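Computed from a predicted structure; not experimentally measured. When a residue number appears, it is its place in the shown sequence, counting from 1. All heavy atoms count here, side chains included; hydrogens, waters and symmetry mates do not.
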Amino acid sequence: MKWIPSWIARSYCMLYTNKKTEIFEFEEAKNILRIEDKRKLSKILTQLKERGFLISKRDPADPRRKLFKLIDPNSIVIAFALQGQAGSKLAIDKLKAAKTLDCVLGGAYAAYRYHRYVFPGKIDLYVNREDLGIWIALLSEKAIAISIDDIPSEKAAKEHVHIHSSLTDELIKESTLINGLRYLTSEYLVVSRLKQQDKFGLTDAFAILVTEKNKIDWKKLIDLSEREKVIRELGCCLDLINFETKRTFFSRRTVGQILKKADLSFTKSFPSEVEFSPFYMEKEHYQQIGKKWNMRIYLSKAFVSKIVLDLIRR
């Protein structure tokens, strides 16, 4: 974030006095600030957003219109203090500086922290809803694109942070402290990525299973996958990795424990939503493994073997 000059600060104060943190439109801002020149007003609103004092989004009813919302002054002051403690303007340094705020890193970024295989395109950050304004203000930089809950970023930048204001006690419990930051555990990530079941999620799940084989808490992983109803997917992944490595990479005992807990009374597709592409193949593969788990496996052999061979050979 960056502090604002007095001519923009006056506009912020006038807008905040009238709207607080309520949503307002361009025309409302025009009337409150008594500015007729649309270019001048647009410049003010843009400056407020770039410096972390305001957020904007497209009107769902009319995408041509923008809706605006100010960040409250208290959040801005706290964010500015935290920015002063950060070693740089990089997102990760800002996160490390915010030691007083609860947050957990998840998604592909957290998965990469374990497998070091495919570098993620964004950082998924889970925060408390009451701290959302502080995080928006703190992370606002020209070089950082910010998505907020279901509001996607409207710009491309070197870094992309997706802030989720949905931090729960469970996510904190299922996280671990690594180099001063909280990351979701490898077990929780495997299960959540198996639930997601798109190309990126399954890449992360396979990569963590391979690279963290000797560090994973297998009892925890099996119990969690059973609770989240992806235990067959987990067992199937282990068998697929064993098949592609042409050896018993995961023990028969572990696979057997999973098989005993799995409900095989109905047929499932894996992935659950089949899209015909090089990743999701129209033709079933691994039919013997599929028969064992009562699953129709549509993952291509090229997809599974590449991940396995890349990670085991390196």
Side-chain angles (χ1 to χ4, degrees), residues 103-127 147-153 160-168 170-176 182-212 216-217 220-241 258 262-263 267-281 285-286 289-290 293 295-300 302-304 306-308 310-311:
C103 70
V104 172
L105 290 158
Y109 188 84
Y112 179 77
R113 178 62 184 79
Y114 295 99
H115 60 58
R116 299 291 180 179
Y117 181 44
V118 179
F119 192 78
K122 67 173 180 175
I123 298 173
D124 283 284
L125 179 69
Y126 293 85
V127 306
S147 297
I148 305 161
D149 292 326
D150 60 348
I151 305 173
S153 172
H160 180 191
V161 181
H162 191 162
I163 306 174
H164 307 266
S165 62
S166 54
L167 182 62
T168 61
E170 181 186 7
L171 288 180
I172 294 174
K173 180 182 175 183
E174 295 292 346
S175 66
T176 185
R182 287 207 160 272
Y183 294 82
L184 288 174
T185 62
S186 58
E187 297 84 7
Y188 192 91
L189 286 165
V190 167
V191 171
S192 63
R193 305 307 265 171
L194 285 178
K195 287 180 69 177
Q196 185 176 327
Q197 287 195 29
D198 64 6
K199 177 180 179 180
F200 304 104
L202 289 176
T203 297
D204 284 337
F206 275 101
I208 291 174
L209 288 170
V210 171
T211 57
E212 295 290 298
I216 285 173
D217 182 334
K220 178 180 177 180
L221 177 57
I222 292 169
D223 289 345
L224 188 58
S225 65
E226 184 179 22
R227 188 190 81 186
E228 296 300 320
K229 297 180 173 53
V230 290
I231 192 162
R232 271 200 278 175
E233 287 82 352
L234 174 62
C236 185
C237 287
L238 301 190
D239 268 342
L240 291 173
I241 293 168
I258 297 170
D263 178 5
T267 304
K268 295 178 76 174
S269 293
F270 184 48
S272 56
E273 295 183 6
V274 179
E275 300 173 14
F276 301 134
S277 71
F279 170 61
Y280 299 118
M281 300 299 288
H285 286 295
Y286 303 106
I289 295 174
W293 297 97
M295 299 181 77
R296 295 190 182 97
I297 302 172
Y298 292 99
L299 290 174
S300 72
F303 171 77
V304 179
K306 184 178 189 312
I307 297 170
V308 171
D310 284 350
L311 291 171

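Between Gly106 and Leu184, the closest heavy-atom pair is CA-CD1, 3.7 Å. Contact detail for Ser186 and Ile216: the closest heavy-atom pair is OG-CG1, 4.0 Å. Between Leu194 and Ala205, the closest heavy-atom pair is CD2-CB, 3.9 Å. For the pair Arg182 and Ser175, the tightest heavy-atom approach, listed with the atom from each and the gap, is NH1-OG, 3.2 Å. Nearest heavy atom pair, residue Cys237 against residue Phe270, reads SG-CZ, 3.9 Å. Nearest heavy-atom pair across Arg296 and Thr267 is NH1-CG2, 3.7 Å.
Between the Glu187 side chain and the Asp217 main chain, a donor and an acceptor come within less than 3.5 Å of each other. Judged by distance alone, with hydrogens and angles left aside, the side-chain atoms of Arg232 form a donor-acceptor pair with the main-chain N or O of Trp293 at under 3.5 Å. Of the possible donor and acceptor atoms, one in the side chain of Ser192 sits under 3.5 Å from a partner among the backbone N and O of Leu189. For His162 (side chain) and Asp149 (main-chain N/O), a donor-acceptor pair under 3.5 Å exists by modelled atom type. Judged by distance alone, the side chain of Arg113 and the main-chain N or O of Tyr183 form no donor-acceptor pair under 3.5 Å.
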Do Phe303 and Thr203 pass the side chain to side chain contact (heavy atoms under 4.5 Å, CB included) test, and can you show the C-alpha distance, the side-chain angles, and the key distance before you say yes or no? CA-CA 9 Å; Phe303 171 77; Thr203 297; 3.3 Å; yes

Audit row: Glu233, Gln197, side chain to side chain contact (heavy atoms under 4.5 Å, CB included) steps and yes/no: CA-CA 10 Å; Glu233 287 82 352; Gln197 287 195 29; 3.6 Å; yes

Test log, rule side chain to side chain contact (heavy atoms under 4.5 Å, CB included), inputs Tyr117 and Ile208: CA-CA 9 Å; Tyr117 181 44; Ile208 291 174; over 6 Å; no

Trace of the side chain to side chain contact (heavy atoms under 4.5 Å, CB included) decision for Thr176 with Tyr188: CA-CA 11 Å; Thr176 185; Tyr188 192 91; over 6 Å; no

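For the residue pair Asp124 and His164, a side-chain donor N or O sits within less than 3.5 Å of a side-chain acceptor on the partner. Checking His160 against Ser147 by side-chain atom types alone, a donor-acceptor pair falls below 3.5 Å.
For the atom pair OG1 of Thr185 and CD of Glu174, the computed distance is 5.0 Å after rounding to the nearest 0.5 Å. The line from OH of Tyr126 to SG of Cys103 is 12.5 Å long, rounded to the nearest 0.5 Å. If you take CD on Glu170 and CD1 on Ile172, they are separated by 11.0 Å, rounding to the nearest 0.5 Å. Considering CZ of Phe206 and CG of Leu299, their distance stands at 5.5 Å, rounded to 0.5 Å. Atom-to-atom distance recorded for Leu234:CG and Leu221:CG is 5.0 Å, nearest 0.5 angstrom. Summarising the geometry, atom CD1 belonging to Ile163 is positioned 9.0 Å from atom OG belonging to Ser165; distances are rounded to the nearest 0.5 Å.
Phe119 and Tyr109 have perpendicular rings, their planes meeting at more than 60° on a 0 to 90° scale where under 30° would count as parallel. Note on ring orientation: taking the six-membered ring where Trp is involved, the planes of Tyr112 and His115 are perpendicular (angle over 60°, cut-offs 30° and 60°).
Within a 6.0 Å radius of NZ in Lys195, other residues, nucleotides and ligands contribute 12 heavy atoms or fewer.
A 4.5 Å side-chain heavy-atom check between Leu240 and Val308 finds every atom pair outside the cut-off. No side-chain heavy atom of Asp198 sits less than 4.5 Å from a side-chain heavy atom of Pro271.
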